[in-house]
Undergrad: 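Before anything else, here's the structure in question.
Computed from a prediction, not measured in an experiment: that's the story for all the values here.
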Amino acid sequence: MTTPNLFLIYVTDVERATKFYSDLFDMEPDMLTPRYVPFTVAPGVLFALWSGRAEVVGQNPPRTSEVGLMIPGTTSAVDSLFAEWTAKGVTVIDEPHDEVFGRTFVVADPDGNLIRVSPID
């Protein structure tokens with residue numbers, strides 16, 4: 001199998017990140033360890049938090065990728081999720097706006113990792 005099945009997010013505080021992503025995505029981790037926390041997002045596919053080599057990543061790395069969440073529904077579904085997440089106090093990077101692929105916005109986790117919401121392609 002050569003299809004990606006592990007999406008690893010580098011974080012500096014795995015406990016803080018676990019709380020953030022558990023609350024944001026309304027999901028529970030498969031297990032908790034001091035440096036690695038996986039979440040099953042589809043059969044055989046993991047979204048995981050990793051702090052085991054945070055010193056290698058550095059304090060302010062450039063952000064060249066995003067975690068993506070594609071949601072069903074219309075523009076109002078994207079705007080509704082934006083309102084829900086901002087009520088939780090997320091850091092907004094890019095407010096809702098229209099792009100060629102539809103309505104979208106970007107927020108950041110406590111480590112500055114980017115999370116984009118958009119409609120299902």
Undergrad: Could you tell me the separation between the CG atom of D30 and the CZ atom of F47, rounded to the nearest 0.5 Å?
TA: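 If I round to the nearest 0.5 Å, the distance is 12.0 Å.
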Undergrad: Output every pair passing side chain to side chain donor-acceptor pair (under 3.5 Å) with a member in residues 69-83, not counting sequence neighbours, ordered by first then second residue.
TA: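 Counting only pairs at least two positions apart or across chains, the side chain to side chain donor-acceptor pair (under 3.5 Å) contacts touching residues 69-83 are T74-S76, D79-R103.
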Undergrad: Any chance you could lay out the side chain to side chain contact (heavy atoms under 4.5 Å, CB included) test for V11 and I9, step after step, and finish with the verdict?
TA: CA-CA 6 Å; V11 298; I9 305 299; 4.1 Å; yes
Undergrad: Above 12 or not: heavy atoms from other molecules or residues under 6.0 Å from CD of E15?
TA: no
Undergrad: Is R16 paired with D111 through a side-chain N to carboxylate O contact shorter than 4.0 Å?
TA: yes
Undergrad: Does D109 reach the main-chain N or O of A17 with its side chain, forming a donor-acceptor pair under 3.5 Å?
TA: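 Pair absent, no side-chain N/O of D109 close to backbone of A17.
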Undergrad: Taking salt bridge (Lys or Arg N to Asp or Glu O under 4.0 Å) as the test, write out the residues that go with D26, two or more places apart.
TA: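 None.
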Undergrad: So which atom in I120 and which in P72 form the shortest heavy-atom distance, rounded to 0.1 Å?
TA: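 The pair with the smallest heavy-atom distance is CD1-N, 3.6 Å.
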Undergrad: So, using side-chain contact (heavy atoms from CB on, under 4.5 Å) as the criterion, who are the partners of T18 when residues are at least two apart?
TA: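 side-chain contact (heavy atoms from CB on, under 4.5 Å) check on T18 returns V14, S22, P29, L32, V37, F39, L49.
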Undergrad: Say whether F25 and V107 are linked into one hydrophobic cluster, either directly or through other cluster members, by side-chain heavy-atom distances under 4.5 angstrom.
TA: yes
Undergrad: Got a list of side-chain donor-acceptor pairs under 3.5 Å for residues 83-90, not counting sequence neighbours?
TA:
residue: W85; atom: NE1; partner: L24; partner atom: O; Å: 3.4
residue: T86; atom: OG1; partner: F82; partner atom: O; Å: 3.0
residue: T86; atom: OG1; partner: A83; partner atom: O; Å: 3.1
residue: K88; atom: NZ; partner: D23; partner atom: O; Å: 2.9

Undergrad: Side-chain contact, heavy-atom cut-off 4.5 Å: Y21 with I115?
TA: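 They are in side-chain contact.
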Undergrad: Rounded at 0.5 Å granularity, tell me how far CD in E99 sits from CZ in R116.
TA: 6.5 Å
Undergrad: Restricting to non-hydrogen atoms, name the atom on G102 and the atom on P119 that form the minimum distance, rounded to 0.1 Å.
TA: CA-CG, 3.9 Å
Undergrad: Using every non-hydrogen atom in the two residues, find where Y10 and N113 come nearest and quote the distance to one decimal.
TA: O-ND2, 3.0 Å
Undergrad: Would you name the heavy atoms of F20 and A108 that are closest together and state the gap between them?
TA: CZ-O, 3.8 Å
Undergrad: Work out which heavy atom in V117 is nearest to a heavy atom in T104; give both atom names and the distance.
TA: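 So the minimum-distance heavy-atom pair works out to O-OG1, 2.7 Å.
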Undergrad: Do V67 and L81 belong together in a cluster built from hydrophobic side chains that touch within less than 4.5 Å?
TA: yes
Undergrad: Under 4.5 Å between side-chain heavy atoms, hopping through other hydrophobics if needed: is there a path connecting V106 to F101?
TA: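 Hydrophobic grouping puts V106 apart from F101.
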Undergrad: Among N5, V41, T40, find the residue that satisfies the side-chain contact (heavy atoms from CB on, under 4.5 Å) test when tested with L46.
TA: T40
Undergrad: Rounded to the nearest 0.5 Å, how far apart are CZ of F105 and CG of D94?
TA: 10.5 Å
Undergrad: Roughly how far, to the nearest 0.5 Å, is the OG atom of S118 from the CD1 atom of I71?
TA: 8.0 Å
Undergrad: If you look at every heavy atom in L114 and S65, which pair is closest and at what distance?
TA: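 Closest approach of L114 to S65, heavy atoms only: CB-O, 4.0 Å.
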Undergrad: Of all residues at least two apart in sequence or in a different chain, which pass the salt bridge (Lys or Arg N to Asp or Glu O under 4.0 Å) check with E95?
TA: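 By the salt bridge (Lys or Arg N to Asp or Glu O under 4.0 Å) rule, E95 matches no residue at all.
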Undergrad: Can you list every salt bridge (Lys or Arg N to Asp or Glu O under 4.0 Å) pair that touches residues 5-14, not counting sequence neighbours?
TA: none
